[in-house]
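What follows is a set of notes on a single structure, which appears directly below.
Heavy atoms only: backbone and side chains are in, while hydrogens, waters and symmetry mates are out.
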Amino acid sequence: MSGRPLHGWEQRLRGRLQRFDLEAEAKNLREERAWQEGRRNAITLRKGEGMNVVLLVMKQGDRLEEHAAPGPISLSVREGRIRFIAGEEVAEAGPESLLTCEAGLRHTVEALSDAVCVLTIAAPAGGA
């Protein structure tokens with residue numbers, strides 16, 4: 001990171017120490033148009049230095065179609081229930097559950113009820 005001061009969204013996404021009120025952030029996401037129109041919504045809380053953190057709110061029945069992340073991920077369920085499908089493996093998770101998977105593993109996420117999740121994506125091994 002350069003020595004120049006951060007401004008605007010950069011300041012929000014980066015910092016030596018960051019603290020987030022996840023309940024307030026989820027409430028804000030639910031007040032936005034995307035959620036009101038029946039779609040999932042998300043906000044990136046931290047980005048860079050080998051780790052991205054995203055807060056995701058999903059409506060019951062919503063589905064993130066099969067995809068893969070370039071680095072290992074963790075998915076922490078804060079509210080609701082989700083189903084995580086990776087090949088033949090299926091895991092259901094509820095509040096205070098944490099799922100992890102390796103880089104490049106193709107997976108699908110389904111919301112079994114309205115859900116709030118924290119997704120952390122690490123940089124691939126040897127990556128930035």
- Pairs meeting criterion salt bridge (charged side-chain N to carboxylate O under 4.0 Å, His left out) with involvement of residues 68-80, two or more places apart: Arg30-Glu79, Arg78-Glu96
- Nearest non-hydrogen partners of Ala68 and Gly104, listed with the distance: CB-O, 3.6 Å
- Task: Hey, could you give me each pair passing ring pair (Phe, Tyr, Trp, His ring centres under 6.0 Å) that has a residue in residues 31-57? Not counting sequence neighbours.
- Result: none
- Path from Leu119 to Leu55 over hydrophobic side-chain contacts below 4.5 Å: no
- Does a salt bridge link Lys27 with Glu31, judged by any charged N lying under 4.0 Å from a carboxylate O? yes
- Message: Applying a strict under-4.5 Å side-chain criterion to I, L, V, M, F, W and Y, I'd like to know whether Leu99 and Leu112 cluster together.
- Response: no
- Task: May I have all residue pairs that pass ring pair (Phe, Tyr, Trp, His ring centres under 6.0 Å) and include part of residues 81-111, sequence neighbours excluded?
- Result: His67-His107, Phe84-His107
- Task: Enter the distance from Arg81:CZ to Glu92:CD here, rounded to the nearest 0.5 Å.
- Result: 5.5 Å
- Separation between CG of Asn52 and CD1 of Ile73, rounded to the nearest 0.5 Å: 12.0 Å
- Item | Beyond-backbone contact of Asn28 with Ile43, side-chain heavy atoms, under 4.5 angstrom | no
- Item | Residue pair Glu25 / Leu45, side-chain heavy-atom distance below 4.5 Å | yes
- Task: For Ala111 and Met58, work out which heavy atoms get closest and say how close.
- Result: CB-CB, 3.8 Å
- Counterpart residues, side-chain hydrogen bond (donor to acceptor under 3.5 Å, both in side chains), relative to Asn41 (two or more places apart): Glu32
- Minimal non-hydrogen separation, Gly80 against Pro95, with atom names: O-CD, 3.2 Å
- Query: With Arg63, which residues qualify under salt bridge (charged side-chain N to carboxylate O under 4.0 Å, His left out), at least two apart?
  - Reply: Glu65, Glu110
- Task: Could you walk me through whether Leu56 and Leu64 pass side chain to side chain contact (heavy atoms under 4.5 Å, CB included), step by step?
- Result: CA-CA 11 Å; Leu56 171 68; Leu64 292 169; 3.9 Å; yes
- What is the minimum heavy-atom distance between Val77 and Gly94, and which atoms define it? CB-O, 3.2 Å
- Message: Please give me the minimum heavy-atom distance between Ile85 and Gly87, naming the atom from each residue.
- Response: CG2-O, 3.9 Å
- Message: Show every salt bridge (charged side-chain N to carboxylate O under 4.0 Å, His left out) that has at least one partner inside residues 97-109, sequence neighbours left out.
- Response: Glu66-Arg106
- Message: Hydrophobic clustering (ILVMFWY, side-chain heavy atoms < 4.5 Å, transitive) - are Val57 and Leu22 grouped together?
- Response: yes
- Task: Please confirm whether the backbone N or O of Ser74 pairs with a side-chain atom of Thr120, one donor and one acceptor, at under 3.5 Å?
- Result: no
- Item | Given Leu98, Val118, Ile82, Ile121, the one that forms side chain to side chain contact (heavy atoms under 4.5 Å, CB included) with Leu75 | Ile82
- Which heavy-atom pair separates Asp21 from Ala24 by the least distance, and what is that distance? OD1-N, 3.0 Å
- Okay, side chain of Asp114, backbone of Gln60: is any donor-acceptor separation there less than 3.5 Å? yes
